[in-house]
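In what follows, chains are A, B, ... by sequence order, proteins preceding strands, each numbered from 1. Excluded from the calculations below are hydrogen atoms, water molecules and symmetry mates; all remaining heavy atoms, backbone and side chain alike, are included. From a predicted model like this one, the values you see are computed outputs, not experimental measurements.
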Amino acid sequence: MNVYRINTKDFNLDLTLSCGQVFRWEKNERWAGVVNGELIRARQLDAEVIIDSALDKKFIRDYFRLDDDMEKIYASMNKDQKIASLIRKYRGLRLIRQDPWECLVSYICSSNNTIRNIRNSIRRMCECFGDKIYEGYFSFPTPESLSEVQLCDMEQCRLGFRAPRVLKIASMIAKNEFDLYGIKTLSYEEGRRELVKIDGVGNKIADCVLLFAFGKLESFPVDTHIEQIMDMYYGDKFKGSKSKKREEIAEFAREYFGKYCGYAQEYLYLEDLG
DNA sequence: CTCCAGGCTTACG
DNA sequence: CGTAAGCATGGA
């Protein structure tokens, strides 16, 4: 077990872990989460972040995207007074670089669901089918382990209609019928075309995986929250039919906020949650 | 009771 | 092409 004391700039641990992009972190005296099968404990004192984990320091820096140049990113996406206000209000909110498999399953579970239910379902999946790595902490089940789970045994996780979708893609990945990790090397557009082939994955969930796991910062996932706040802030621009409206918003955001629009999405999303 | 939640699939014009 | 019901579950 290592202890890292990392000096940061423009990093806010609480905002980063509570903004809804990750589902398994919990805060008591300090934050605790399981990432890549290892426990991470984290707390922040002013600019200093203190990490306890068996993972190496480079992994931690990568996971929290500590090497992102936030001054440059803020300058790039700061297009008007509204987003400038959000940058002031939530300065230090970072994207996280999640594991693609856990991210994919998590967002398949997000379909027509609440954050509370998503968290509970994922926790039960880890308790039932992950490995116990510490008292009360479980790893996220691998595609291989989930591929051997029967649908009736998934019922206790309360995924509802999403359960067969999770088991199906788990099986496909375990049998090398779908190359999830290969998407890392594809462009945003190519990666999206691959991801939407998965049963239960449309444009929005694909965009979440591309942004939160594969680091495609030009991805701008549009859900009900983002649609509402974009309507409120920039609504006069979207006149398309209902079914195409979310695509229209995403395209506008890519053009308007630029190549780091994924970061802008996080700030807008947090504003709508709060 | 009804309605909705970080949507997607399928069915029907 | 386009739109709209249906989907499990839980909480307001």
Just wondering, do A:I249 and A:E227 contact through their side chains at under 4.5 Å, heavy atoms?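 Yes, their side chains come closer than 4.5 Å.
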With respect to the side chain of [X], which nucleotide from [options] is positioned closest?
{"X": "A:R116", "options": "C:dG11, B:dC8, B:dG6", "result": "C:dG11"}
{"X": "A:T114", "options": "B:dA5, B:dG7, C:dA8", "result": "B:dA5"}
{"X": "A:D199", "options": "B:dG6, B:dT9, B:dG7", "result": "B:dT9"}
{"X": "A:R246", "options": "B:dG7, C:dG10, B:dA5", "result": "B:dG7"}

Side-chain donor-acceptor pair under 3.5 Å between A:Y137 and A:D131, yes or no? no
Sugar-phosphate only, base, or nothing, as touched by A:N120 at under 4.0 Å among non-hydrogen atoms: nothing
Interatomic distance, [X] [atom1] vs [N] [atom2] [rounded to whole Å]:
{"X": "A:I115", "N": "C:dG11", "atom1": "CD1", "atom2": "P", "value": "15 Å"}
{"X": "A:K245", "N": "B:dC8", "atom1": "NZ", "atom2": "P", "value": "16 Å"}
{"X": "A:D272", "N": "B:dG6", "atom1": "CG", "atom2": "P", "value": "9 Å"}
{"X": "A:N112", "N": "B:dT10", "atom1": "CG", "atom2": "C1'", "value": "15 Å"}
{"X": "A:F161", "N": "C:dG10", "atom1": "CZ", "atom2": "C1'", "value": "13 Å"}

Separation between the [atom1] atoms of [N] and [M], rounded to whole Å:
{"N": "B:dA11", "M": "C:dA8", "atom1": "P", "answer": "14 Å"}
{"N": "B:dT2", "M": "C:dA5", "atom1": "P", "answer": "16 Å"}
{"N": "C:dA12", "M": "B:dG6", "atom1": "P", "answer": "13 Å"}
{"N": "C:dG10", "M": "B:dT9", "atom1": "C1'", "answer": "22 Å"}

Does the side-chain ring of A:Y107 lie flat on the base of B:dG6, meaning centres under 5.5 Å and planes less than 30 degrees apart? no
Go through the N and O atoms of the side chain of A:S110 and the base of B:dG6, and report whether any donor-acceptor pair is under 3.5 Å. no
Which label fits A:F252 and A:Y256: parallel for a plane angle under 30°, tilted from 30 to 60°, or perpendicular past 60°?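 The arrangement is parallel - the two ring planes meet at less than 30°.
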Of all pairs that satisfy ring-ring contact (aromatic ring centres under 6.0 Å, His included), the ones with a partner from residues 206-227 of chain A, not counting sequence neighbours: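 Residue pairs passing ring-ring contact (aromatic ring centres under 6.0 Å, His included), neighbours aside: A:Y107-A:F212, A:H225-A:Y269.
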Relative to A:Y234, does A:K82 satisfy both conditions: NZ or CZ under 6.0 angstrom from the six-membered ring centre, and within 45 degrees of the ring's axis? yes
